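This report refers to the structure that appears directly beneath it.
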Amino acid sequence: MADAGRHPNITLLTNSQVTAASGYVGNFNIKVLKKARMVVEGQCTACGDCVKVCPVVVPDEFNVGLSSRRAIYQPFPQAVPSAYIIDGQQCLGHEPIVCGKCMEACQKKCIDFNMSDEELELKVGTIVVATGVDVYDPTVLDEYGYTRHENVLTSLELERLISSGGPSQGQVIRLSDRAVPQSVAFIQCVGSRSLKRGNPYCSNICCMNTIKSTLMLKEHYPEMEVKVFYIDIRAFGKGFEDLFRRSKAAGVRYIRGIPGEIQEDPQTRGLVLTVDNTATNALETHRADMVVLAVGMHPPEQMKVIQEMLALQKSPDGFYLEAHPKLQPVDSATRGVFFAGCAEGPKDIKESVTQASAAAARAMRLMTPGKLRVEAITAEVDPETCTICGICGKVCPYQAIAVKAKGGKPAFVNAAACMGCGTCAAECPAHAITMHHFTDGQINAQIDATLEDDPQGRIPIFACNWCSYAGADFAGVARLPYPPNTRLIRTMCSGRVSEDFIWRAFSQGAPVVLLSGCHFGDCHYINANHWTDKRVKRIWRKMEKLGLRPERLQLEWISAAEGMRFAQVMQRMEELRAGVTPEEIAQTKVILAQAGLPGEKAPPAKQAAG
Amino acid sequence: MPDTKQSQEPRVGVYVCHCGLNIAGVVDCAAVAEYAAGLEGVAHATHDGYCCSEPGQMRIKADIALHNLDRVVVASCSPRLHEPTFRQCVAEAGLNPYLMEMANLREQCSWVHGHDPASATAKAKDLVRAAVARAGGLAARQELEVPIERATLVIGGGVAGIQASLDLADAGYKVFLVEKEPSIGGLMARLDKTFPTMDCSI
């Protein structure tokens, strides 16, 4: 920690939040709000004179409310930076008539109530997301009586009690009578591994954390009776099994079964645990002076802010989704953004550090050459064909197209800023935009080839590269079967799928068509999928007018983690397909031909490959 | 806007990958390759144990010269996994990397249609046909080189954020470590001793 604070290459921005991010790999523009500390960081010597005079006493967050602090405080003695901070919510203010005592006490005069929040603008090439986890709040698990029984603690509260720097100077005491408990019981998997309440996943660290705590208790209080109630003990890492053995050898009893209820003895304030011991199949009653709930981890609430800012994706457990679960475990789908620590899933310290070093190495790998090649999947406008309507400029999520409607110059794409979603090409009414590597011709050729043979038996599916195509890959990795007559056509973004591609598929005899993309907020191209949504609604209205059943065109948002959903959607598409008769398909072809769809400018079938 | 017209008919090479038994255990790869050989524009089609392996890539590179191929279709796993591999492979043989196309026969075929090998093989043929059709229309592309800022933003100052920052800073990169709390340290700073070594956390 201290190393990070004094490293010449590290700018430490504490009490700060990232408020905006734009740009792309190699050239991200970041805005950071650095909230006023009211104490000058470089000058404060952390002498503590200010604290002695501060009259405001509030619960101390660092000690999970087990002790108190003042309105001017240092979060903990080893804090980095070591400078004090004023809690603006609690401080009475600096008007002499009200308070201002700290200012008088500070000899170095480093308290500055006029300090204001600063907005900083940073330019960075890569980003490491290490936003961590929140600790599970066991309040909802009423059977454990965390809010009713004073001597039921969480593992984090025990951690603070047992710490020599904690509120009780390392003495493990009961909150009800400040006596050292004779017996302590741990309950595992609190908020973890449950499909009903809390989280379905294993929080990874609680077993070992409990084992560690039992050893510390036994070391401090050899006579203490320590019991652990568990489902399984997961001691899978290096040195873990050894520690588990030491705990058992130290006399800690491990009982397989999770208590169904905790009651308090009103006299002693001790606790009575009723448990179905699954090893002996007996209903047992255990007594303990103190109960520790081994609480799990869950993704922090504010994660969504960063997620949307950087176009990241989440896995079903709520943590960030990596680009590939095994081969790119620290990369996000957004190039140049990497994960470290629990942001990607629950981890212990060793794993967090390992992943952090991996993320650093991946970031260096990008930055070391000093230059970066970007995929040549960009849009280009034909100035001859452009009618200067301005639509492309409006739909571009990156403001990469310079165009002024009515009488201006033809639209022009800034290739370095273009990310290649293709929405402009799909929306251009004059067909003046070529989306390189995903051209009309290339996609038309794919549609034609897909429907060349027995189109009635085929289901063409347009899938975006980042979410739904990845979701289909995930269904594959998970070996989830679905009907084999589905045919995916990949585009970078669902925004690329123009109206004409849909008409073309139907006019080639497709019974049904699926267009799939990222969920709103997950779109890899900021919000390009909103245009997909609008476009599909427009197509549905046209289908209705033409006398075609709109349900033959389906729109689904499928994320990269939703393999199961992808398979289910495929099943549903097959059911829809089975309901389309050859007569309906023949009629559709006639209707579309009469309506002149797909559009006149779309190249005819066989020449499309050119 | 019309696509760039080719001066001559494309000469596509098709490589159907077995991926050990991952694909070949379900899909009849030889039949797919044979089918591909008959498609318009295909100059050469074959099947191979592992296209991504060193010998597999060597064979593709040799064929590009031998059969004068100007397009390559690799029918193997997801392009999300190996597109960079095969782009690099054809580039080493002198072909523009954007003239390589993939058909996803593993994640989106053999792994999900294992119960129905006949339909899986039929689907594999369709996917290859569509990939060949698309490949015919592919055009060479030049990648843009952009300068990269040699600085990193680290969001979160827990143990992971600190470690990543130190590694990057020690290697000479500029790091901005942003933490919402008044001090870095995160959850780890609250722990007294840590497993499995029972030493101090800070």
Side-chain angles (χ1 to χ4, degrees), chain A residues 1 4 7 9-17 26 30 75 78-80 85 122-132 162-163 208 212 239-240 243 340-341 349 352-353 356-357 359-360 363 367 371-374 376 382 434 439 441-442 445-446 449-450 472-473 476 479 481 484 609-610, chain B residues 1 3 5 78 80 98 107-108 111-113 115-116 119-120 123 126 129-130 133-134 136-137 141 143-156 158-169 171 174-180 182-186 190-192 194-196 202:
Chain A
M1 273 174 65
H7 203 294
N9 285 341
I10 299 179
T11 307
L12 200 57
L13 301 167
T14 50
N15 213 24
S16 305
Q17 272 173 337
I30 309 292
Q78 305 92 333
V80 176
I85 180 166
L122 313 173
K123 206 162 169 54
V124 297
T126 52
I127 299 173
V128 175
V129 176
T131 43
I162 212 163
S163 168
M208 291 314 295
K212 172 203 77 180
F240 289 10
L243 212 64
I349 293 175
S352 293
V353 167
S357 289
M367 293 189 290
K371 276 184 184 170
L372 184 80
R373 295 177 92 91
V374 287
D382 176 12
T434 300
T439 63
Q442 290 159 0
Q446 240 176 318
T450 298
D473 278 357
R479 311 293 199 276
Chain B
M1 185 177 169
D3 302 327
K5 292 267 180 286
S78 172
R80 289 175 54 84
Y98 287 81
E107 283 84 346
Q108 295 180 9
W111 276 355
V112 282
H113 308 312
H115 58 290
D116 189 352
S119 297
K123 179 172 180 176
D126 270 20
R129 186 172 68 225
R134 177 173 150 78
R141 299 284 301 146
E143 291 189 337
L144 209 66
E145 245 187 11
V146 294
I148 185 161
E149 197 72 34
R150 292 164 73 103
T152 303
L153 167 72
V154 178
I155 311 175
V159 59
I162 294 172
Q163 181 67 43
S165 299
L166 285 173
D167 284 354
L168 284 157
K174 203 141 181 49
V175 176
F176 298 98
L177 175 54
V178 175
E179 167 60 52
K180 69 176 189 303
S183 169
I184 55 169
R190 289 175 170 180
L191 310 177
D192 184 38
T194 58
F195 65 81
I202 295 181

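First the proteins, then the strands, lettered A, B, ... as listed; each starts at 1. On a predicted model such as this, the values are computed, not experimentally measured, just so you know.
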Looking at [options], which has the largest count of heavy-atom pairs under 4.5 Å with chain B?
{"options": "A:A356, A:S352, A:G132", "answer": "A:A356"}
{"options": "A:G476, A:A376, A:A130", "answer": "A:A376"}
{"options": "A:A472, A:A363, A:A4, A:G26", "answer": "A:G26"}
{"options": "A:A340, A:S16, A:G239", "answer": "A:S16"}

Step by step, work out the side-chain contact (heavy atoms from CB on, under 4.5 Å) result for A:V129 and B:V154. CA-CA 6 Å; A:V129 176; B:V154 178; over 6 Å; no
Go through the structure and list residues passing side chain to side chain contact (heavy atoms under 4.5 Å, CB included) with A:T450, not counting sequence neighbours. A:R487, A:I489, B:A130
Check for a donor-acceptor pair, side chain of B:R129 on one end and backbone N or O of A:A449 on the other, with a separation under 3.5 Å. yes
What's the verdict on side-chain contact (heavy atoms from CB on, under 4.5 Å) for B:K174 and A:N9, showing C-alpha distance, side-chain angles and the deciding distance? CA-CA 5 Å; B:K174 203 141 181 49; A:N9 285 341; 5.6 Å; no
For the [atom1] atom of [X] and the [atom2] atom of [Y], what is their distance to the nearest 0.5 Å?
{"X": "B:L168", "Y": "A:T126", "atom1": "CG", "atom2": "OG1", "value": "6.5 Å"}
{"X": "A:L372", "Y": "B:E143", "atom1": "CG", "atom2": "CD", "value": "9.5 Å"}
{"X": "B:E179", "Y": "A:L13", "atom1": "CD", "atom2": "CG", "value": "11.0 Å"}
{"X": "A:R373", "Y": "B:E145", "atom1": "CZ", "atom2": "CD", "value": "5.0 Å"}
{"X": "B:H113", "Y": "A:R479", "atom1": "NE2", "atom2": "CZ", "value": "13.0 Å"}
{"X": "B:R134", "Y": "A:Q442", "atom1": "CZ", "atom2": "CD", "value": "5.0 Å"}

Report the residues that fulfil ring-ring contact (aromatic ring centres under 6.0 Å, His included) with B:F195, sequence neighbours left out, ordered by chain and then residue number. A:F240
Using a cut-off of under 4.5 Å on heavy-atom pairs, state which of B:G185, B:S165, B:A151 scores highest against chain A. B:A151
